[in-house]
Enquirer: 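Handing you this structure, nothing more for now.
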Amino acid sequence: MTYEEKREWLQRYKAARQLFGFRLQQLKTAKTDAGRTTQNISPVPGGHSDGQTLPRAVERIQEAEQRAAAQARVCDEICEEITAALDALDNLCDRDILFRKYIKFQSWSEIMQGTNLSRSAVLAHHRQAIESLQVKGQD
């Protein structure tokens, strides 16, 4: 794999986490919408409801929960795969920098503070770490 391909491989976890956040937001919206069904099932006439509002709301919540749980499993799998590759790195500083960047999503300045290294040293370690990274099944 090239340097860029390895970076893309590492960035999969961030994309998966963003999708997980989106799935959680969908679940929250489905639950909020379900809370508004009480007026649709109230005994007071005034609507053209077919009586299926509550069952549909429950179905939407269940579907959203299933999608969120499935995405959580994907996130866990990707994180384990990346962490295993990082654990194989010989240089602990390189491993720490990649972990902070691609698992904890820290900015370069946060990484600099956490490692007590200059920006140029952090970037040099980052490049070296990615170049020495062995991605199983991808090389």
Side-chain angles (χ1 to χ4, degrees):
M1 290 178 85
T2 66
Y3 177 85
E4 288 302 319
E5 289 170 334
K6 288 179 183 180
R7 281 191 63 217
E8 288 176 17
W9 182 82
L10 289 166
Q11 291 170 341
R12 295 174 312 136
Y13 182 59
K14 185 174 186 176
R17 287 296 303 234
Q18 289 172 335
L19 182 55
F20 178 64
F22 175 72
R23 296 289 188 221
L24 288 179
Q25 185 59 43
Q26 286 180 319
L27 176 58
K28 181 180 176 184
T29 301
K31 287 181 177 181
T32 301
D33 291 347
R36 297 186 188 130
T37 61
T38 54
Q39 65 186 3
N40 294 328
I41 58 174
S42 115
V44 179
H48 299 290
S49 177
D50 62 357
Q52 297 301 310
T53 304
L54 188 58
R56 278 194 298 269
V58 170
E59 286 177 18
R60 278 192 298 273
I61 290 172
Q62 289 174 338
E63 288 173 9
E65 285 174 340
Q66 290 171 352
R67 286 192 301 267
Q71 188 60 35
R73 285 189 297 276
V74 168
C75 288
D76 290 343
E77 290 169 6
I78 292 172
C79 184
E80 287 176 17
E81 187 179 349
I82 291 172
T83 302
L86 297 182
D87 286 343
L89 291 173
D90 292 332
N91 187 319
L92 293 179
C93 185
D94 290 353
R95 182 203 179 283
D96 186 41
I97 289 170
L98 292 187
F99 185 82
R100 288 172 182 268
K101 184 68 177 168
Y102 297 104
I103 300 297
K104 293 176 81 176
F105 314 119
Q106 290 183 349
S107 68
W108 291 118
S109 61
E110 291 171 321
I111 295 170
M112 288 166 33
Q113 289 174 345
T115 58
N116 292 321
L117 295 172
S118 68
R119 182 174 180 85
S120 60
V122 167
L123 294 176
H125 276 284
H126 177 265
R127 176 166 285 285
Q128 170 58 36
I130 289 182
E131 287 174 354
S132 63
L133 190 66
Q134 297 297 316
V135 179
K136 291 183 180 178
Q138 301 291 323
D139 285 333

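In this chain, residues are counted from 1 in sequence order.
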Enquirer: How close do A85 and Q134 get, counting heavy atoms only, and between which atoms?
Expert: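 The answer is CB-O, 4.0 Å.
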Enquirer: Which residues satisfy the side-chain hydrogen bond (donor to acceptor under 3.5 Å, both in side chains) test with Q71, sequence neighbours excluded?
Expert: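 For Q71 there are no side-chain hydrogen bond (donor to acceptor under 3.5 Å, both in side chains) partners, ignoring immediate neighbours.
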Enquirer: Going by heavy atoms in the side chains, are D87 and R95 under 4.5 Å from each other?
Expert: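 Counting from C-beta outward, D87 and R95 do come under 4.5 Å.
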Enquirer: R12: which residues meet the salt bridge (charged side-chain N to carboxylate O under 4.0 Å, His left out) condition with it, sequence neighbours left out?
Expert: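 Residues passing salt bridge (charged side-chain N to carboxylate O under 4.0 Å, His left out) with R12: E81.
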Enquirer: Show the nearest heavy-atom pair for residues A129 and L89, with the distance to one decimal.
Expert: O-CD2, 3.9 Å
Enquirer: Apply the test side chain to side chain contact (heavy atoms under 4.5 Å, CB included) to residues V74 and I78: give CA-CA distance (whole Å), side-chain angles for both, the deciding distance (0.1 Å), then the verdict.
Expert: CA-CA 6 Å; V74 168; I78 292 172; 3.8 Å; yes
Enquirer: Run the salt bridge (charged side-chain N to carboxylate O under 4.0 Å, His left out) test against R17 and tell me which residues pass, sequence neighbours left out.
Expert: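 Result, salt bridge (charged side-chain N to carboxylate O under 4.0 Å, His left out) vs R17: none returned.
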Enquirer: Applying ring-ring contact (aromatic ring centres under 6.0 Å, His included), name anything that partners F20, two or more places apart in sequence or on another chain.
Expert: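 ring-ring contact (aromatic ring centres under 6.0 Å, His included) check on F20 returns nothing, list empty.
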Enquirer: Quick one: hydrophobic cluster around I111, which other residues, with the 4.5 Å side-chain cut-off, linked directly or via members?
Expert: I97, W108, M112, L117, V122, L123
Enquirer: List for me each residue that meets salt bridge (charged side-chain N to carboxylate O under 4.0 Å, His left out) alongside D90, sequence neighbours excluded, and say none if there are none.
Expert: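 Scan of D90 (salt bridge (charged side-chain N to carboxylate O under 4.0 Å, His left out), adjacent residues dropped) gives none.
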Enquirer: Which atoms form the tightest heavy-atom contact between G114 and R100, and what is the distance?
Expert: O-NH2, 3.4 Å
Enquirer: What's the shortest heavy-atom distance between C75 and A16, and which atoms?
Expert: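 In terms of heavy atoms, the two residues are closest at SG-O, 3.3 Å.
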Enquirer: Can you hop from V58 to L27 via hydrophobic side chains spaced under 4.5 Å?
Expert: no
Enquirer: If I take atom CD from residue E8 and atom CD from residue E5, how far apart are they, to the nearest 0.5 angstrom?
Expert: 7.0 Å
Enquirer: Are the side chain of K6 and the backbone N or O of L133 linked by a donor-acceptor pair below 3.5 Å?
Expert: yes
Enquirer: With sequence neighbours left out, which residue pairs that include part of residues 114-127 fulfil the salt bridge (charged side-chain N to carboxylate O under 4.0 Å, His left out) condition?
Expert: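 Every pair satisfying salt bridge (charged side-chain N to carboxylate O under 4.0 Å, His left out) with a residue in residues 114-127: R127-E131.
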Enquirer: Is there a side-chain contact between T115 and H125, using heavy atoms and a 4.5 Å cut-off?
Expert: no
Enquirer: Run the side chain to side chain contact (heavy atoms under 4.5 Å, CB included) test on V135 and L10 for me, step by step, so that the C-alpha distance in whole Å, both residues' side-chain angles and the decisive distance to 0.1 Å come before the verdict.
Expert: CA-CA 10 Å; V135 179; L10 289 166; over 6 Å; no
Enquirer: Roughly how far, to the nearest 0.5 Å, is NZ of K31 from CD of E65?
Expert: 5.0 Å
Enquirer: What residues, two or more places apart in sequence or in another chain, satisfy side chain to side chain contact (heavy atoms under 4.5 Å, CB included) together with S107?
Expert: S109, E110
Enquirer: So how far is it from T83 OG1 to I103 CD1, rounded to the nearest 0.5 Å?
Expert: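 CD1 of I103 is found 4.5 Å from OG1 of T83.
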Enquirer: Flag the pair E4 and R7 as a salt bridge only when some basic side-chain nitrogen lies within less than 4.0 angstrom of an acidic carboxylate oxygen.
Expert: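 Salt bridge between E4 and R7, a charged N being under 4.0 Å from a carboxylate O: yes.
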Enquirer: State which residues pass salt bridge (charged side-chain N to carboxylate O under 4.0 Å, His left out) with D94; sequence neighbours excluded, sorted by chain then number.
Expert: none
Enquirer: Please answer: with hydrophobic residues joined when any side-chain heavy atoms are less than 4.5 Å apart, are Y3 and L86 in the same cluster?
Expert: yes
Enquirer: Quick one: which residue pairs count as a ring-ring contact (aromatic ring centres under 6.0 Å, His included) with a foot in residues 52-102, not counting sequence neighbours?
Expert: Y102-H126
Enquirer: Linking Ile, Leu, Val, Met, Phe, Trp and Tyr through side-chain heavy atoms less than 4.5 Å apart, which residues share a cluster with F22?
Expert: L19
Enquirer: Are the side chains of Q106 and K101 in contact, using a 4.5 Å heavy-atom criterion?
Expert: no
Enquirer: With D76, which residues qualify under side chain to side chain contact (heavy atoms under 4.5 Å, CB included), at least two apart?
Expert: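 Expected list: none.
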